[in-house]
Amino acid sequence: NRPLVFITSNSERRLPEAFLRRCIYHHVDFFTNEMLKKILESHHESFRCFSADFLSLAIERFLLLRQEVLRKKPTPSELLVWLKTLAADAGTSSYRLSELLSRLKDDQKDLPYLGALLKDNDDIKKVKQQRGR
């Protein structure tokens with residue numbers, strides 16, 4: 001019995017051609033809105049201060065950001081960190097929570113804590129410039 005080995009790649013670096021000829025490919029599409037909701041449900045304790053509407057809006061803005069031409073697109077991991085950061089900021093303040101919600105609703109405003117989603121400084125600058133900042 002030969003072992004079965006799974007190798008994942010985010011295509012940031014090219015694998016050697018000789019290696020690739022010996023592989024079977026299976027492309028996995030990026031997470032859908034529903035898949036992201038399920039991921040967030042499993043981490044709900046970290047940001048329980050947010051309503052389902054708030055989380056849906058956050059996912060929507062996250063997916064829109066992923067459509068931008070970026071050097072490094074944000075992943076679900078960054079989405080989780082971003083939501084945890086927003087939750088820490090909001091705390092128990094209903095005023096701060098409504099302020100964050102207002103910023104998420106307005107797609108012309110910069111997303112709060114954009115650096116939690118984007119890890120490349122040029123990407124951050126690009127997104128801010130597109131918002132007219």
Side-chain angles (χ1 to χ4, degrees):
N1 291 333
R2 292 183 181 193
L4 186 59
V5 178
F6 291 89
I7 298 174
T8 63
S9 171
N10 59 6
S11 299
E12 285 185 5
R13 292 191 185 134
R14 188 85 177 128
L15 296 170
E17 291 298 323
F19 175 78
L20 294 174
R21 283 192 298 272
R22 292 167 176 86
C23 294
I24 296 173
Y25 290 83
H26 178 73
H27 178 77
V28 178
D29 288 329
F30 190 76
F31 297 94
T32 64
N33 193 317
E34 289 305 311
M35 293 165 112
L36 289 170
K37 284 181 181 177
K38 295 237 182 266
I39 291 170
L40 297 187
E41 285 173 12
S42 69
H43 289 82
H44 183 70
E45 279 302 308
S46 300
F47 33 82
R48 64 178 169 265
C49 62
F50 298 138
S51 67
D53 289 341
F54 185 99
L55 293 175
S56 291
L57 186 56
I59 289 171
E60 182 182 317
R61 292 297 304 272
F62 169 76
L63 291 173
L64 283 173
L65 186 61
R66 281 194 50 84
Q67 291 176 6
E68 303 272 346
V69 177
L70 302 170
R71 192 189 77 69
K72 175 157 182 348
K73 293 182 185 287
T75 65
S77 176
E78 279 94 19
L79 174 62
L80 290 171
V81 169
W82 181 55
L83 287 170
K84 288 175 185 178
T85 303
L86 291 175
D89 180 8
T92 57
S93 167
S94 59
Y95 173 77
R96 185 64 184 139
L97 192 56
S98 65
E99 191 176 281
L100 289 171
L101 181 59
S102 169
R103 283 183 70 182
L104 285 182
K105 284 181 179 177
D106 187 349
D107 64 358
Q108 295 305 307
K109 288 187 178 177
D110 286 338
L111 289 172
Y113 303 104
L114 189 57
L117 286 167
L118 300 178
K119 303 302 182 190
D120 183 83
N121 195 41
D122 289 337
D123 286 345
I124 293 171
K125 288 178 185 175
K126 183 179 192 176
V127 168
K128 285 185 175 188
Q129 284 175 347
Q130 288 173 348
R131 302 282 184 276
R133 306 249 184 284

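All residue numbers refer to positions in the sequence shown, counting from 1. Just so it is clear, the values below take in all heavy atoms, side chains as well, and ignore hydrogens, waters and symmetry mates.
- Heavy-atom contacts from other residues, nucleotides or ligands closer than 6.0 Å to NZ of K105 number 12 or fewer.
- Of all heavy-atom pairs spanning P74 and L117, the tightest one is CB-O, 3.2 Å.
- The backbone N or O of D106 lies less than 3.5 Å from a partner atom in the side chain of R61, making a donor-acceptor pair.
- For F47, there are no ring-ring contact (aromatic ring centres under 6.0 Å, His included) partners two or more places apart in sequence or in a different chain.
- Follow the hydrophobic side-chain contacts under 4.5 Å out from L83 and you reach M35 in the same cluster.
- Both L79 and F30 are part of a single hydrophobic cluster, where members link through side-chain heavy atoms under 4.5 Å apart.
- We find the OG-NZ distance between S42 and K37 to be 14.5 Å, quoted to the nearest 0.5 Å.
- No continuous path of hydrophobic side-chain contacts links V81 to L55 [ILVMFWY only; heavy atoms under 4.5 Å].
- Between V69 and K126, the closest heavy-atom pair is O-NZ, 2.6 Å.
- Atom-to-atom distance recorded for L70:CG and D122:CG is 11.0 Å, nearest 0.5 angstrom.
- Note that OG1 of T75 is 6.0 Å distant from CZ of F62, once rounded to the nearest 0.5 Å.
- Here the OG1-CG distance, from T85 to L80, works out to 10.5 Å after rounding to the nearest 0.5 Å.
- Nearest heavy atoms, E68 versus K73: O-NZ, 2.5 Å.
- Smallest separation of non-hydrogen atoms from L97 and C49: CD2-O, 3.4 Å.
- Atoms NE2 and NZ, on H43 and K84 in that order, are 5.5 Å from each other to the nearest 0.5 Å.
- For the pair R103 (side chain) and L100 (backbone), a donor-acceptor distance under 3.5 Å is absent.
- By the ring-ring contact (aromatic ring centres under 6.0 Å, His included) test, F50 is found to be paired with F54, residues two or more places apart in sequence or in another chain being considered.
- Within the 3.5 Å criterion, the main-chain N or O of K72 finds a donor-acceptor partner in the side chain of D123.
- In this structure, the side chain of S98 engages the main chain of Y95 through a donor-acceptor pair within 3.5 Å.
- For the atom pair K38 NZ and L36 CG, the distance stands at 12.0 Å (nearest 0.5 Å).
- The other residues sharing a hydrophobic cluster with L20 are V5, I7, L15, F19, Y25, where clustering joins ILVMFWY side chains under 4.5 Å apart.
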